[in-house]
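Within every chain, numbering begins at 1; the chains are lettered A, B, ... in the order of the sequence lines, protein sequences first and strands thereafter.
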Amino acid sequence: MNNRLRELRAQREWSQAYLAELLDVSRQTVNAIETGKYDPSLPLAFRLARLFEMRIEDLFDDESE
Amino acid sequence: MSDTTLKSKWSKRRFLQVAGLAAVAIGLLVLGVWLLVHLRSVLIFGVVLVVVGVVWLICSPFTSDEPMRTQQRRYLREFMPAMLAYFVILLSVLPMLKHVHAAPLKALLVLLPVVPIGFVMRAMLRLLLRSDELEQKMQLEAISIAAMLVTLLSFAAAFLQTVDLLPIENPLMLVLPAMFGTYGAALAWVKRKYRGE
């Protein structure tokens with residue numbers, strides 16, 4: 001699944017480590033989501049969407065559609 | 001917002017460097033004590049501490065320099081004293097066994113080192129339950145690989161033992177270290193799978 005996480009994080013000048021701390025996850029988890037190696041669970045996806053103040057579907061894009 | 005809060009925390013690398021130096025220093029001190037008392041258990045304890053310390057120092061450059069998360073620091077606070085207690089109890093109990101003949105007391109003494117290992121497992125379980133969702137997924141994969149591999153090897157060893165072809169005196173003793181070892185190796189392999197560019 002594609003996502004805009006890296007782009008949105010860069011806009012805010014946040015490091016992966018800082019975003020990880022905000023989400024209470026490891027930096028590797030943020031990295032794996034950004035690079036598409038791991039798709040987050042719904043609760044984590046909602047936390048991300050709330051943090052960036054947008055809807056989940058604006059943050060994540062199901063490439064199969 | 002900034003990352004300054006992250007910089008004051010300990011990283012795995014820093015922990016291994018400090019703990020490695022401490023283990024070598026204490027190990028050398030224990031070996032110095034051995035020169036005075038000539039007890040085999042003191043010698044083993046000193047050598048184990050020096051070897052563990054050197055291994056940590058060698059491994060430290062290859063570990064993460066990122067700050068450890070709260071649950072990782074809590075794990076170390078629970079894991080380290082339990083492992084230290086294990087070695088102290090093990091090396092205190094072994095020399096006593098020769099002098100104890102009553103079966104119940106012997107059983108009690110020989111089972112004492114299992115208690116701190118129980119605390120080690122409790123620390124590992126608590127870390128697993130406090131980990132985030134990707135870490136839990138990676139740990140589940142690593143534990144599955146380790147369990148299957150060790151079970152398969154135990155099964156093969158049991159067959160060899162039935163025909164007296166297993167050159168190991170007490171193969172059950174190897175199950176726990178084999179589980180920990182293969183789990184660690186499998187976790188390192190699984191982590192690579194989720195590592196981005």
Side-chain angles (χ1 to χ4, degrees), chain A, chain B residues 1-16 62-76 79 123-145 183-197:
Chain A
M1 194 180 286
N2 296 322
N3 66 73
R4 296 175 54 210
L5 200 56
R6 177 164 285 176
E7 171 201 334
L8 293 164
R9 181 174 61 76
Q11 280 173 8
R12 285 159 180 78
E13 296 181 349
W14 290 350
S15 66
Q16 284 186 342
Y18 183 66
L19 178 58
E21 196 179 52
L22 290 178
L23 294 166
D24 193 26
V25 297
S26 67
R27 194 199 58 80
Q28 189 184 7
T29 299
V30 169
N31 183 262
I33 296 169
E34 278 189 1
T35 53
K37 303 249 177 190
Y38 174 68
D39 293 329
S41 67
L42 263 181
L44 182 54
F46 269 110
R47 258 156 54 212
L48 275 163
R50 282 195 199 105
L51 189 65
F52 290 107
E53 295 171 330
M54 55 177 55
R55 297 178 311 166
I56 285 184
E57 53 268 46
D58 294 329
L59 189 53
F60 293 95
D61 171 36
D62 183 356
E63 57 192 346
S64 63
E65 280 180 7
Chain B
M1 292 196 220
S2 72
D3 297 345
T4 49
T5 54
L6 297 169
K7 284 175 184 155
S8 59
K9 294 174 184 171
W10 277 55
S11 66
K12 277 184 193 170
R13 187 179 300 173
R14 191 169 161 209
F15 169 78
L16 283 183
F62 306 103
T63 54
S64 166
D65 199 25
E66 291 163 22
M68 280 191 281
R69 294 167 65 214
T70 312
Q71 45 270 62
Q72 290 168 325
R73 292 198 303 276
R74 199 176 297 166
Y75 167 70
L76 285 177
F79 175 86
M124 292 172 84
L125 185 65
R126 287 171 78 154
L127 176 69
L128 179 72
L129 296 175
R130 288 167 187 153
S131 299
D132 72 35
E133 56 186 56
L134 177 59
E135 288 170 327
Q136 286 190 350
K137 182 176 159 64
M138 291 190 295
Q139 280 162 357
L140 175 68
E141 287 180 30
I143 290 167
S144 305
I145 293 167
Y183 164 69
L187 189 61
W189 180 74
V190 169
K191 276 184 176 181
R192 288 180 54 161
K193 198 168 71 172
Y194 292 98
R195 198 169 293 155
E197 67 271 9

Open item on the list: If you define the side chain from C-beta out and look only at heavy atoms, does anything of A/T35 sit under 4.5 Å from B/R195?
Closed with: no
Task: Structural part of A/P40 lying under 4.5 Å from a heavy atom of chain B - done: both
TODO: Quick one: pull up CG in A/L44 and CG in B/D132 and give me the separation to the nearest 0.5 Å.
DONE: 8.0 Å
- [ ] Under 4.5 Å heavy-atom distance to chain A, tell me which part of B/E133 shows up: side chain, backbone, both or neither.
- [x] both
Task: Heavy-atom neighbours of A/E53 CD exceed 12 at 6.0 Å - done: no
Task: Distance in Å, A/R27 CZ paired with B/R69 CZ, rounded so as to fall on 0.5 Å steps - done: 12.0 Å
TODO: To the nearest 0.5 angstrom, please state how far the NZ atom of B/K137 sits from the OG atom of A/S41.
DONE: 12.0 Å
TODO: State which residue, out of A/N31, A/V25, A/T29, fulfils the side chain to side chain contact (heavy atoms under 4.5 Å, CB included) condition with B/L134.
DONE: A/T29
Task: Region of B/K191 that comes under 4.5 Å of a non-hydrogen atom in chain A - done: both
